[in-house]
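Data block below; observations after.
The analysis underlying the following values was restricted to heavy atoms, covering all of them including side chains, and did not include hydrogens, waters or symmetry mates.
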Amino acid sequence: MTEQPNRIATYLANLIAAETVQPFVLRRHHDITGVSGTGIVADGALFPAAGKGKAVVRWRGERGSTVVWDHIGHVKEIHGHDGATVIELMPVGELIAALRAVAAIPTMTANEVGGDDDPEYRGAVAGYNDALADVHQAIIDAIEALHDHDEDSF
């Protein structure tokens, strides 16, 4: 059981700092031009440090394209349409912190909750530990899917 949290912690420790690349989406509330539709219309990456605010935008849909902008402010100026489309930064730092917290949740013994001799407590603890193992496995599966996707991309 301790292998799962250790794998998660190792992966998270090796992640590039969230400040390096910040993913975002363009969410269109109202389609001014009638071309892109509404909802999430593009995915992007902001390069705040090394890129000095440069952004890459990949438009979704059948006429998708990829554009590199000298500054993320230009994306908003051109495609914002006075608030009809907004840039939503993805909370990468917060997500990493949440995953670290989940990986740090320990398993439990029935004795810790005062019921080592009580089958009901043992059953509840076993259910808790099984659920925690399932959560850890879901995180590992997602990490491995990212790695598989990365390997297929190159």
Side-chain angles (χ1 to χ4, degrees), residues 1-30 36-62 64 66-69 72-73 75-76 79-80 83-154:
M1 178 85 69
T2 59
E3 180 183 328
Q4 289 175 320
N6 290 342
R7 287 179 66 196
I8 296 167
T10 299
Y11 176 77
L12 295 174
N14 291 326
L15 278 178
I16 297 172
E19 294 83 85
T20 326
V21 176
Q22 179 71 52
F24 64 88
V25 295
L26 291 183
R27 183 177 305 278
R28 183 152 289 159
H29 299 292
H30 178 67
S36 300
T38 58
I40 297 176
V41 295
D43 303 282
L46 169 63
F47 300 88
K52 302 195 184 334
K54 285 190 186 324
V56 175
V57 175
R58 174 67 187 166
W59 291 93
R60 295 181 176 190
E62 57 189 57
T66 303
V67 182
V68 178
W69 296 86
I72 193 163
V75 176
K76 184 178 178 181
H79 297 291
T85 303
V86 294
I87 297 169
E88 294 180 0
L89 296 174
M90 305 309 288
V92 173
E94 291 87 345
L95 292 171
I96 291 171
L99 290 173
R100 282 186 176 139
V102 169
I105 295 172
T107 56
M108 192 184 304
T109 66
N111 190 41
E112 291 173 317
V113 292
D116 199 25
D117 294 330
D118 187 332
E120 189 173 320
Y121 280 114
R122 284 197 306 271
V125 168
Y128 167 87
N129 289 337
D130 288 347
L132 183 61
D134 289 346
V135 169
H136 287 162
Q137 189 60 52
I139 294 169
I140 290 168
D141 291 348
I143 290 168
E144 288 175 350
L146 287 172
H147 283 288
D148 291 345
H149 177 72
D150 289 345
E151 290 172 5
D152 292 344
S153 298
F154 297 101

- prompt: Hey, does I87 have a side-chain heavy atom less than 4.5 Å from the side chain of L26?
  reply: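 Yes, close enough: below the 4.5 Å cut-off.
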If every non-hydrogen atom of [X] is compared with every non-hydrogen atom of [Y], which pair is closest and at what distance?
X: L46; Y: G53; value: CD1-O, 3.5 Å
X: E88; Y: R27; value: OE2-NE, 2.8 Å
X: R28; Y: V41; value: CB-CG1, 3.9 Å
X: V125; Y: M108; value: CG1-O, 3.0 Å
X: F24; Y: A45; value: CE2-N, 3.3 Å

- request: Could you list the residues that satisfy salt bridge (Lys or Arg N to Asp or Glu O under 4.0 Å) with R60, not counting sequence neighbours?
  value: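 Listed in chain order: D43.
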Not counting sequence neighbours, which residues clear side-chain contact (heavy atoms from CB on, under 4.5 Å) with [X]? List them please.
X: A124; result: none
X: I139; result: I8, L99, V102, V135, I143
X: V68; result: V56
X: P106; result: none

message: Just to verify, what does Q137 make a side-chain hydrogen bond (donor to acceptor under 3.5 Å, both in side chains) with, not counting sequence neighbours?
response: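 Result, side-chain hydrogen bond (donor to acceptor under 3.5 Å, both in side chains) vs Q137: Q4, D141.
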task: Let me see the working for H30 and T38 under side chain to side chain contact (heavy atoms under 4.5 Å, CB included), right down to the final yes or no.
output: CA-CA 6 Å; H30 178 67; T38 58; 5.6 Å; no
